[in-house]
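Worksheet: one structure, shown below.
Order of the sequence lines fixes the chain letters, A, B, ..., with proteins taken first and strands second; residue numbering starts at 1 for each chain.
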Protein chains: 2
Amino acid sequence: MPNGQYTQRQRESLKLWIELIRYSGKLEQIIDDKLRQNFGQNISRFDVLSQLEREQENGLSVGELAGRLIASKGNITGLLDRMQKDGLLTKVAKEEDRRSYIINLSDKGRDLFNQMADNNATWIEEALQSIDLEHMQDFTQFLSKARTSLK
Amino acid sequence: MPNGQYTQRQRESLKLWIELIRYSGKLEQIIDDKLRQNFGQNISRFDVLSQLEREQENGLSVGELAGRLIASKGNITGLLDRMQKDGLLTKVAKEEDRRSYIINLSDKGRDLFNQMADNNATWIEEALQSIDLEHMQDFTQFLSKARTSLK
DNA sequence: GCCGTTTATCTTACATGTAAACTAATATTG
DNA sequence: CAATATTAGTTTACATGTAAGATAAACGGC
């Protein structure tokens, strides 16, 4: 493949790729800014709270939590430390497996998440207001399929 | 809006938002991994090289460059420093405005970009192979419009 | 030309992402 | 049971992202 000589399919793939990154990056930026300004939290933290909230009282081990996060899989130790220091979650050693810990929402964390989630739903609805409901559903389904066939 | 009680439109917006972030995040991750493994570079650096390559010999000031980057707008100083240290670009003080600098690709940077771009086109075509050409074009156009109506 | 404002970039401090090496506990194999 | 491999999580070092303030040069009104 000589430099700069691409097939039509490659050109269209590149265009789509760039638009996808641009659009979703801009959306993410908008939400991240709102979360920072209004709650002093960012998307990673919202993601953590969200995953823990789904588990109710059961909590998650560090590894399980990392596996469910959309964004950061990397150095989750520091993130959880900072969130624990902020009183958003609890971390208790597991009885059966002394290598492992159970992470749970604190009451403060749960309250904060509920507030954030409500606001978030409003912001996202606003950001997507130019898209009609039918397109939105098609689009969601399309993305879901495309993602499954990824790796 | 009571906790957990969302309108249909809000629910669909949230679903679309989550699928978008997941899909584009996964795509970005795939490409980032390939760039790291094959070239020791990441997407931010590829983005910088790409913007500079478009300008041919003219180069860009730090501010212009920052404005065109898809991703990082933040601490671009350090990124450019590291890339300069790797010999990928040059940084020359501007004659007319001594506050400003002109960033340009070095030969090494241009060569590297050309290699990366070719590989990138192949990888992205592969990642998007499950989508037929027509859908791809629709989707690109749709995203472009949706993005323009954002902020 | 002088002075306040704006602009371009840098610096600093810190949060987060990435990768690899490390530690301790558990599981597996013989 | 002992040797080895695997797993969970941490630690370290470094690259990158974010925000705020600092610095120096250029601009604009007077």
Side-chain angles (χ1 to χ4, degrees), chain A residues 21 24-26 28-49 59-86 88-103, chain B residues 21 24-26 28-49 59-86 88-103:
Chain A
I21 299 240
S24 91
K26 205 158 182 174
E28 192 164 341
Q29 191 61 59
I30 288 173
I31 299 301
D32 195 63
D33 285 350
K34 299 251 189 196
L35 290 176
R36 281 172 193 275
Q37 287 165 19
N38 291 280
F39 299 104
Q41 310 288 318
N42 59 25
I43 286 195
S44 295
R45 280 162 170 247
F46 182 62
D47 198 9
V48 170
L49 295 177
L60 288 171
S61 71
V62 174
E64 286 170 337
L65 180 54
R68 298 192 192 188
L69 293 182
I70 294 178
S72 60
K73 315 243 168 183
N75 178 21
I76 199 175
T77 303
L79 178 58
L80 294 180
D81 281 353
R82 287 184 294 271
M83 290 180 75
Q84 186 182 21
K85 196 191 287 179
D86 292 344
L88 299 175
L89 44 82
T90 61
K91 182 173 174 181
V92 180
K94 217 174 188 174
E95 279 297 313
E96 325 87 82
D97 186 341
R98 280 184 299 170
R99 293 169 303 181
S100 198
Y101 299 85
I102 292 291
I103 311 294
Chain B
I21 299 239
S24 92
K26 205 159 182 174
E28 192 164 340
Q29 191 61 59
I30 288 173
I31 299 302
D32 194 64
D33 285 349
K34 300 250 189 197
L35 290 176
R36 282 173 192 276
Q37 287 165 20
N38 291 281
F39 299 103
Q41 310 288 319
N42 59 26
I43 287 195
S44 296
R45 282 162 169 248
F46 181 62
D47 198 8
V48 169
L49 295 177
L60 287 170
S61 72
V62 175
E64 285 168 337
L65 180 55
R68 298 191 193 189
L69 293 181
I70 294 177
S72 61
K73 315 245 168 185
N75 178 21
I76 199 174
T77 303
L79 179 58
L80 295 181
D81 282 352
R82 286 184 294 272
M83 290 180 74
Q84 186 183 19
K85 195 189 289 178
D86 292 343
L88 300 175
L89 43 83
T90 61
K91 183 174 173 180
V92 180
K94 218 174 189 174
E95 278 297 314
E96 325 87 82
D97 185 343
R98 281 185 298 169
R99 292 171 304 180
S100 200
Y101 299 85
I102 292 291
I103 311 294

query: Roughly, in whole Å, what's the span from NZ in A/K85 to C1' in C/dT16?
result: 15 Å
All ring pair (Phe, Tyr, Trp, His ring centres under 6.0 Å) counterparts of A/Y101, not counting sequence neighbours: none
Distances under 3.5 Å only, N/O to N/O: pair up the protein atoms with those of nucleotides 4-8 of chain D.
residue : atom : partner : partner atom : Å
D/dT7   : O2   : A/R99   : NH1          : 2.5
D/dA8   : O3'  : A/S100  : OG           : 3.3

- prompt: Would one find a side-chain N or O of B/S44 under 4.0 angstrom from OP1 or OP2 of D/dG17?
  reply: yes
Phosphate-side-chain proximity, A/K91 and D/dT10, N/O vs OP1/OP2 below 4.0 Å: yes
- prompt: To the nearest angstrom, how far is B/R98 atom CZ from C/dC10 atom P?
  reply: 16 Å
- prompt: Partners of A/L89 by side-chain contact (heavy atoms from CB on, under 4.5 Å), sequence neighbours excluded?
  reply: A/V48, A/L52, A/L80, A/M83, A/Q84, A/I103
Length of the CG-P vector between B/L88 and D/dA15, whole Å: 14 Å
task: May I have the distance from B/L35 (atom CG) to D/dA15 (atom P), rounded to whole angstrom?
output: 17 Å
field: Nucleotide D/dT16, atom P - distance to CG of B/D47 in whole Å
entry: 12 Å
task: Under 4.0 Å between any heavy atoms, over every strand shown, what does A/Q37 touch: base, sugar-phosphate, or nothing? Just pick one.
output: nothing
field: A/R36 vs C/dA15: side-chain N/O to OP1/OP2 distance below 4.0 Å
entry: no
message: Without decimals, in angstroms, what is the distance between B/I43 CD1 and C/dT16 P?
response: 21 Å
message: Between B/K85 and B/D81, does any side-chain N to carboxylate O distance fall below 4.0 Å?
response: no
Residues which pass salt bridge (charged side-chain N to carboxylate O under 4.0 Å, His left out) with A/R82, listed by chain and number, not counting sequence neighbours: none
message: Rounded to whole Å, how long is the line connecting atom CG of B/L79 with atom P of C/dC10?
response: 12 Å
Whole-Å distance separating the CG atom of B/D32 from the P atom of D/dT16: 10 Å
task: With B/D33 as reference, evaluate B/Q29, B/R36, B/Q37 under the side chain to side chain donor-acceptor pair (under 3.5 Å) test and give the passing residue.
output: B/Q29
message: Using OP1 and OP2 only, check whether a side-chain N or O of A/N42 sits under 4.0 Å from D/dT18.
response: no
field: By side-chain contact (heavy atoms from CB on, under 4.5 Å) - contacts of B/R99 (at least two apart)
entry: B/D97
message: My understanding is that only residues two or more places apart in sequence, or in another chain, count here; which of them pass salt bridge (charged side-chain N to carboxylate O under 4.0 Å, His left out) with B/R98?
response: none
query: Want to settle it: does A/D81 or A/D33 sit nearer the 5' end of DNA chain D, counting the closest nucleotide to each?
result: A/D81
field: Minimum-distance nucleotide (side-chain atoms of B/R82 versus D/dA15, C/dT18, C/dC10)
entry: D/dA15
message: Regarding A/E96, tell me which of base, sugar-phosphate or nothing describes its non-hydrogen contacts under 4.0 Å with the strands shown.
response: sugar-phosphate
- prompt: According to a strict under-4.0 Å criterion, is A/Q29 in side-chain N/O contact with OP1 or OP2 of D/dT18?
  reply: yes
